[in-house]
Structures are given as structure tokens and as C-alpha cells.
*Asks:* 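Okay, handing you the structure first.
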Amino acid sequence: MIQFGCNRLLVAILFIALFACNSDNSKYNAFTPGELWLDDTNEHINAHGGGFLYHNDTYYWFGEHKGSGKDGSRAFVGVRVYSSKDLYNWKNEGVALQVVKDTLSKLQEGCTIERPKVIYNETTNKFVMWFHHELKGEKYKAALTGVAVSDHITGPYQYIDSFRIHAGVLPLNMSQEEFDSIPEINENQKLTKQIRIDQAKSGELFKRDFYGGQMSRDMTVYVDDDGTAYHITASEENQTMLISKLSDDYLSLSGEYIRILPGERNEAPAILKKNEKYYMFTSDLTGWDPNPARLSVADAIMGEWALLGNPCVGTEEQVNTTFWSQSTYIIPVQGKKDAFIFTADRWKPENHIDGRYIWLPVKFKNNIPYLEWADRWDLSVFD
Ligand code: DGJ
């Protein structure tokens with residue numbers, strides 16, 4: 001009888017030990033795009049429009065905390081951060097940037113914070129977060145970029161400010177003569193898609209916002225091998241993109257920037273560099289609905305950009321919807337050469353918190369990146 005009791009106790013201890021081992025943050029060993037993805041507390045990861053940073057042997061995932069329902073896209077919490085050693089298993093590290101109750105602050109609860117990206121400045125030892133910021137109650141009208149800073153990667157981040165960009169400053173690729181020859185925009189005509197495209201191509205939208213500052217919506221930041229950081233954003237009613245060099249401390253935009261792909265309508269930029277070429281994945285403009293991705297290339301980040309086309313291969317539906325997702329960031333996998341993960345959001349506008357993550361390995365053909373669907377895959381694809 002005593003023997004039997006002992007055995008039962010032993011089994012119970014073993015069971016508890018096994019359970020404890022299992023909750024050591026390593027329940028996944030593969031990516032399953034579009035499935036629920038649970039963090040260490042068994043909650044679906046809540047970090048949409050994500051940005052990633054590798055620091056001290058750990059990956060960090062920053063993203064929009066979404067709430068439930070249709071209104072869940074507004075910021076009532078802020079930017080969340082998760083950490084991982086292996087990219088499969090993520091630990092909830094809490095809220096990195098918290099929205100505030102102060103109704104005088106641009107960062108007040110109910111504003112919109114999208115696509116946060118964090119970079120580390122080696123000189124100042126500060127972590128700098130950039131994000132797309134819209135003011136409470138103003139939908140997407142303000143079109144600001146926001147910046148916050150912290151001494152610690154997981155925060156708390158101190159909000160600095162949000163603003164329109166490059167007020168009164170010409171891009172490096174537009175001369176004063178060119179600017180002077182741009183006609184004034186006619187704001188009274190009935191807007192169509194083609195009129196917006198024409199207004200961007202002619203520079204009218206650029207001129208409209210020249211003194212008040214250019215719009216900044218979907219954005220990313222990219223740190224080049226020499227430590228120079230760039231802010232890449234959808235501007236001019238999302239018709240044109242601006243690439244701006246950041247200041248040395250990464251806390252502001254330097255005056256140097258270029259205006260690219262006017263009238264090409266790009267959102268959701270994500271950058272990778274391979275063989276000294278810069279590739280940018282973007283999407284078309286269809287709100288939360290998916291659309292075909294685009295790939296652009298440049299020999300210099302502040303140089304000439306050319307559209308290459310749709311980087312997706314697969315069924316018509318996969319190619320036309322980017323696997324039912326929209327790009328957010330390209331993660332360089334550490335310790336492997338030219339290994340990149342394309343990360344994207346499968347938005348759920350009817351219940352934002354249920355948005356899913358689409359991660360796919362970036363493949364290359366003749367050195368040009370492309371994407372192909374996989375139900376399940378792991379990092380051994382890069383071996
Ligand atoms: C598409 C953008 O890429 C998202 O970040 C978000 O701004 C939605 N539009 C809103 O409709």
C-alpha cells in the first residue's frame with residue numbers, strides 16, 4: 001500500500017517536472033503561417049505591424065497591441081514587445097510604449113499607432129522607436145511619424161513627439177527649378193484614383209504639403225551596415241514614398257531625403273539588402289484588404305529605385321493577395337548568410353486582435369527575392 005502511494009507520488013512529481021519543462025518557453029519548433037501563435041503565457045501574440053531587432057543574442061518583436069472588434073485598431077494600450085532566442089517561441093515582455101490618459105497629449109488613449117520599428121544606436125546606447133501616428137478622432141488625416149526613446153530595449157519608451165516631415169525642405173532628387181515649375185493643386189475637382197496618381201507624378205501633392213510638412217503613414221526604418229539609419233515612408237496620400245536619412249543619434253530626420261516612385265501607390269515597406277542591392281517589398285493601397293505585393297530594387301538606398309513586379313509565386317489567389325497578407329518587416333536570420341524571413345500581417349478588421357502572422361522564408365532566383373507559400377516550415381530551409 002505504502003509502495004503504491006510512493007509510486008503515485010513519483011509519477012505525480014515526474015508529471016509536474018515534465019509540465020514545468022514544457023512551459024520553458026519552447027513549445028514550437030516550426031512556423032505555421034496564419035495559425036494562432038501563442039506566447040509564453042498561452043495568449044495569441046499581440047504585436048501587429050511588427051518590427052524586429054536582434055540584440056544581445058535575442059530577437060525582439062515590437063508591434064501594435066490590437067483590441068477586439070472593429071474598433072480594436074485604435075491604441076488603448078500601445079506598443080507591445082516580445083523576446084525570443086529561436087524565433088519560434090516568444091516571451092511576452094509587456095508594453096514598451098504606453099498610451100497616456102492625458103487628453104492634451106498626442107499619445108492619448110484612442111489615437112492610432114501603427115508599424116512601430118525599434119533600432120539601437122551604438123554611440124548613444126539608446127533604443128529608438130519610430131512609428132506611424134494618427135491623432136485621436138482624426139482617422140488618418142494627421143499622417144505623422146512618431147518617435148520615442150529608451151535606455152532599455154523592452155522599455156518603457158519615453159515619447160518624444162510626432163510630426164509631419166521635411167517642412168520647407170526639398171528632396172535631394174528635386175531641384176529648385178523643378179519645384180518652381182510644379183502647378184498648384186486643384187483641390188476642388190472630384191478625386192479619382194487616376195487624379196491622385198497624376199497629382200503625385202506632377203509633384204502637385206508634394207507642393208501642397210511643402211510648407212506644412214509632408215505626410216508620413218506606413219513606414220519602416222532600416223539601419224545599413226555602416227550604422228546609418230533611414231526612415232522609409234508612404235507620403236503624398238500614399239502615392240509616393242520618401243526615404244530619409246536619420247540624424248546620427250537616430251532621434252530625428254536629417255534634412256537629407258529622396259522622393260521615390262511618385263504615383264506608384266505603395267504601402268507597408270520592408271527592406272532587405274543582398275549583394276549590395278537594396279530590395280523593398282511593399283503593397284498596393286486597399287485598406288485592411290490584401291492586394292498584390294510589389295518588389296523594388298536600388299543600388300543605393302538613396303539612389304534610383306525601380307519596380308521589379310510581384311515577388312509572390314503560387315496560385316492566382318496567393319499572388320493577388322500576397323498569401324492574404326501585407327508586408328511589415330524582413331528579419332535577417334542571425335548566423336546564416338542571406339537568410340531572411342518575410343513577415344506580414346493577415347489583418348482581421350472585424351476583430352483586430354485575431355489578426356494573424358504570415359512568416360515565409362525569402363527565396364532567391366538569380367539573386368532576386370521571391371516568396372512561396374508553406375503551411376509549415378523551419379529555419380533548416382536556410383541550411
Ligand atoms: C493599410 C496599412 O498598411 C495599415 O497599416 C493600416 O494603416 C490600414 N491600411 C488601415 O486601413
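Since the structure is predicted, the reported quantities are computational estimates derived from the model, not experimental observations. Ligands are counted one by one from 1 in listed order, and the atoms in each one are counted from 1 as well.
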*Asks:* Please write down residue, atom name and distance for the protein heavy atom closest to atom 3 (O) of ligand 1.
*Replies:*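 So the nearest neighbour among protein heavy atoms is D218 OD2, 2.4 Å.
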
*Asks:* With W359, which of F340, Y28, W373, W61 fulfils ring pair (Phe, Tyr, Trp, His ring centres under 6.0 Å)?
*Replies:*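 Checked F340, Y28, W373, W61 against W359; only one passes ring pair (Phe, Tyr, Trp, His ring centres under 6.0 Å): W61.
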
*Asks:* Indicate yes or no: does K336 engage D383 in a salt bridge with an N to O separation below 4.0 Å.
*Replies:*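 Yes, this pair counts.
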
*Asks:* Considering E267, E114, E64, H132, which one's heavy-atom position lies nearest to atom 7 (O) of ligand 1?
*Replies:*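 That would be E114.
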
*Asks:* Does Y157 use its side chain to pair, donor to acceptor, with the backbone of I153 at less than 3.5 Å?
*Replies:*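 Such a contact is found between Y157 side chain and I153 backbone.
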
*Asks:* Just checking E138: does its CD atom have more than 12 heavy atoms from other residues, nucleotides or ligands closer to it than 6.0 angstrom?
*Replies:*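 Yes, the 6.0 Å shell around CD holds more than 12 heavy atoms from other groups.
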
*Asks:* Less than 4.0 angstrom from a charged side-chain N to a carboxylate O is my criterion; do K201 and E264 meet it?
*Replies:*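 Salt bridge between K201 and E264, a charged N being under 4.0 Å from a carboxylate O: yes.
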
*Asks:* Check ligand 1 against R115 and write out every atom of the ligand that is under 4.0 Å from a heavy-atom position of the residue.
*Replies:*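 Numbered from 1, ligand 1 contributes 2 (C), 3 (O), 4 (C), 5 (O).
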
*Asks:* Between G287, G49, S283, flag the one that comes closest to atom 9 (N) of ligand 1 by a heavy atom.
*Replies:*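 Among G287, G49, S283, the closest heavy atom to atom 9 (N) of ligand 1 comes from G287.
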
*Asks:* Using distance alone, determine whether W347 and ligand 1 share an N or O pair under 3.5 Å.
*Replies:*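 Looking only at distances, the answer is no, because the N/O contact criterion of under 3.5 Å is not met.
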
